[in-house]
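Letters A, B, ... mirror the listed sequences (proteins, then strands); counts begin at 1. Fair warning: this is a prediction, and the values are worked out from it, not measured in the lab.
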Amino acid sequence: DTGVSQDPRHKITKRGQNVTFRCDPISEHNRLYWYRQTLGQGPEFLTYFQNEAQLEKSRLLSDRFSAERPKGSFSTLEIQRTEQGDSAMYLCASSRSPGRTGDAEAFFGQGTRLTVV
Amino acid sequence: GESVGLHLPTLSVQEGDNSIINCAYSNSASDYFIWYKQESGKGPQFIIDIRSNMDKRQGQRVTVLLNKTVKHLSLQIAATQPGDSAVYFCAEIFQGGKLIFGQGTELSVKP
């Protein structure tokens, strides 16, 4: 499977614990995005990387959230001191840098569903 | 701020009928839009895109129409099939490839 891969698919954690999610993008894609999606809503942008550089962070990304992409390949999203409001689907997407029409298409992974109890 | 929204949260159609899903956007400077399909438990899947220099774009069984005057997008699905049942989102691409999604329309296809 050469699509975007996310791990784990599901995570249940107790409030206050730290969690880390991993995303493996499509190998030739230099852009990687993280989104959060709650039930009945569209995905909300959190942050994105071009290669290993984190170029933009949403105001939704509080200081409890940190994302890394150390070698410009896979990425991790860590949430410290989880709260019940963090319960959501965390989606990762990757794309090539926009160029010709269609090159900017972002491919999404299956997501990691986080439940904070 | 910028926002992309949808007119109807749910749409139910009979198998074989055509479906039309609508979307309004607020940023008149937007120049690139995408429709995504999301099935339960899965990530969004690209359907079709359109740039602001076009009014219409066709794919396989899908057509996207863009009306820049009223800042409105629509997705037309021809001969809707049960496999088309999903939530459909329009999204606007911003600098860096960041996507701003609307709330979504749930399409239900009755056999």
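Leu114(A) and Ile12(A) are not part of a single hydrophobic cluster, where members link through side-chain heavy atoms under 4.5 Å apart. Under the 4.5 Å side-chain heavy-atom criterion for ILVMFWY residues, no single connected hydrophobic cluster contains both Tyr90(A) and Val4(A).
With a 4.5 Å cut-off on non-hydrogen atoms, Glu56(A) touches chain B through its side chain but not through its backbone. With a threshold of 4.5 angstrom between heavy atoms, Leu91(A) approaches chain B through side-chain atoms but not through N, CA, C or O. Heavy-atom distances place no part of Arg113(A) under 4.5 Å from chain B, backbone and side chain included.
For Arg61(B), the side chain to side chain donor-acceptor pair (under 3.5 Å) partners are Asp84(B), not counting sequence neighbours. Taking the side chain to side chain donor-acceptor pair (under 3.5 Å) definition, one finds that Thr80(B) meets it with Ser19(B), sequence neighbours left out. Residues passing the side chain to side chain donor-acceptor pair (under 3.5 Å) test with Asp55(B), sequence neighbours excluded: Lys68(B).
When all heavy atoms of Tyr33(A) and Lys98(B) are compared, the closest pair comes out as CE2-N, 3.9 Å.
At a threshold of 4.5 Å between non-hydrogen side-chain atoms, the residues Tyr36(B) and Phe108(A) count as touching. Residues Tyr35(A) and Leu99(B) form a side-chain contact, since some pair of their non-hydrogen atoms from C-beta on lies under 4.5 Å apart.
When the shell of 6.0 Å around CD of Glu39(B) is examined, it contains more than 12 heavy atoms from other residues, nucleotides or ligands. At most 12 heavy atoms of other shown residues, nucleotides or ligands fall within 6.0 angstrom of atom CD in Gln60(B). More than 12 heavy-atom neighbours from other residues, nucleotides or ligands sit within 6.0 angstrom of CG on Leu60(A). Within 6.0 Å of the CD atom in Gln95(B), the count of heavy atoms belonging to other residues, nucleotides or ligands does not exceed 12.
Using a 4.5 Å cut-off between non-hydrogen atoms, the part of residues 37-47 of chain A that approaches chain B consists of Gln37(A), Gly40(A), Gln41(A), Gly42(A), Pro43(A), Phe45(A).
Here the CE-CD distance, from Met89(A) to Gln38(B), works out to 7.0 Å after rounding to the nearest 0.5 Å.
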